[in-house]
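A short write-up of the structure that comes next.
Since we're looking at a predicted model, the values are computed, not measured.
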Protein chains: 2
Amino acid sequence: MSEEQYLAAYDPRAYPAVAVTVDVVTLTIREGALHLLLVRRAEQPYADFWALPGGFVRPAEDLDAAAGRELAEETGLGGEDLHRVHLEQLASYGTPGRDPRMRVVSIAYLAFAPDLPEPSAGTDAGEAEWLPLAALPSRRLAFDHERIVADGLERARAKLEYTPLATRFLGEEFTIADLRAVYETVWGHPLHAGNFHRKVLSVPGLVESTGATTEHGGPRGGPRARLYRAGDARLLHPALLRPATEETAR
Amino acid sequence: MSEEQYLAAYDPRAYPAVAVTVDVVTLTIREGALHLLLVRRAEQPYADFWALPGGFVRPAEDLDAAAGRELAEETGLGGEDLHRVHLEQLASYGTPGRDPRMRVVSIAYLAFAPDLPEPSAGTDAGEAEWLPLAALPSRRLAFDHERIVADGLERARAKLEYTPLATRFLGEEFTIADLRAVYETVWGHPLHAGNFHRKVLSVPGLVESTGATTEHGGPRGGPRARLYRAGDARLLHPALLRPATEETAR
DNA sequence: GGAATAGTGTCTATGAGACATTATCTT
DNA sequence: AAGATAATGTCTCATAGACACTATTCC
């Protein structure tokens, strides 16, 4: 039987159903540390395991919409706040057996969120938490979600280099030091304050001045800092390169 | 009904089946121009339209394997040759209605192939062709495949900057001028021969010398060129930045 | 010989990074 | 007053890009 005949005879409806889900890797910065949104599973399989928020894509629902809905359900965010969250497709995972019940292909999304209230508050969702990423290695997640989180983290670190998405972790207005803290937290690497300052202001469209300053100086002294908001660039030229860490590449 | 209850009551098997397919954007360079592998559809919908090679993911078949299988079927490549083709996941497309028959979520892949023989030769596949990308704007593709191709092209251009994947368009051994032609073709931009030469040799792991040279000089004169093969780097530090084209970013 | 190309040398502008300095604010 | 921080200045080094030049090969 040729491939052509095989395909012609192939009726997908004759096969066991394939389920399509979305799972969202949601990152935020709380108390100077990168956090990941997790929910506790109530049912089998992987009951009581922590997992990425996600679920089945509904009929006539776009993939992006499904990811946004899952995110809104777990974070309790409404339309306006949700609009400030960056959401992008990450990758798809469909290894047979990744869900023991049936064939499940999951479209993973990556979200960058500003500091949000505790997720369970005012939400219908079950148990949910912001987990510091430092605590992740000692925790086993459901399904292949550890792999998905690792992919999301690597994507996030890379994206800070050539996009202004670091601002999505902050509020409407922020100082250069706030922005630097985001980079240091996500990259896990201290940056030179003076050089970072000049670099940020030199990249077109990264930030724009509001004209205002903070009300007070820092908690341990220092002058008031000028306030900025996100600029209109969607890609950064030139990019903010992260300090050479290791030769991961070879 | 709360979201929690909704999800608990949600049985995906009770809904109309969702089909999962893979589609492959396969790029190669023929006669100095970038080409895209297309197949002509034999059946409805979009009968007689050209489309990306692809098809349903089979039960117990990994997504990557499905993409490799579809690629092999259309190109007629065997194991060893296929091994030289770079294949990576591109993105997933699941907008409702993109396939008029039923809900279809397609996982798109991107492939970089060396110059291959005509696709139809020795293959069970139906009509297939390498289409010069310059001819693409005048051709309507099936489904949302034009969008997928556009996304694949942008990914390909970006990947040449920070990966050594340009070598995947070439044979086992190649000259620096061959490599430069790949960059110029994919980016659609002439590069300075002397500076490119030095830059390529200065990036660790991009190419390594074979010690040999070409048998003859160029067709219009010039000395014999040294031959190189792909190096062991997987990411390039520093990257080969493409010349600033437009401010697409803003 | 003339033309084209491979490979290298040189110069300049630009940016990253190390370090220093000044002004401003908190304790 | 002392310490911390925002913001800017200065210096050095590495790199990109423009341009020049030599050697080699084809016609």
Side-chain N,O (B:H197) to OP1/OP2 (C:dA6) below 4.0 Å: no

Interface with DNA chain C, restricted to residues 215-225 of chain A and to heavy atoms under 4.0 Å: A:H216, A:G217, A:G218, A:P219, A:G221, A:G222, A:P223, A:R224

Charged N-O contact under 4.0 Å between B:R40 and B:E129: no

side-chain contact (heavy atoms from CB on, under 4.5 Å) partner of B:L206, the single match among B:L240, B:L201, B:D232: B:L240

Test side-chain contact (heavy atoms from CB on, under 4.5 Å) applied to A:F169 and A:L179, A:I29, A:T185, the passing residue: A:I29

d(CG, B:L191; P, C:dT5) in whole Å: 15 Å

Salt-bridge criterion met for B:R155 and B:E161 (N-O under 4.0 Å): no

Check ion pair A:E172-A:R229 (N to O, under 4.0 angstrom): no

Footprint string (nucleotides 11-21 of chain D, 5' to 3'): B base within contact, S backbone only, - free, heavy atoms under 4.0 Å: -----SBBB--

Candidate pair A:D23 and A:S106, rule side-chain hydrogen bond (donor to acceptor under 3.5 Å, both in side chains), full reasoning: CA-CA 7 Å; A:D23 290 307; A:S106 177; 2.6 Å; yes

Integer-rounded Å distance: C:dT8 C1' and B:L201 CG: 11 Å

B:Y93 and B:D151: side chain donor to acceptor below 3.5 Å: yes

From C:dT8, C:dA6, D:dT8, nucleotide with atom closest to B:A177 side chain: C:dA6

Test item: side-chain donor near acceptor, A:Y228 and A:D178, under 3.5 Å: no

Length of the line joining B:L179:CG and C:dA6:P, which is rounded to integer Å: 12 Å

Spacing of A:R226 atom CZ relative to C:dT24 atom C1', expressed in whole Å: 12 Å

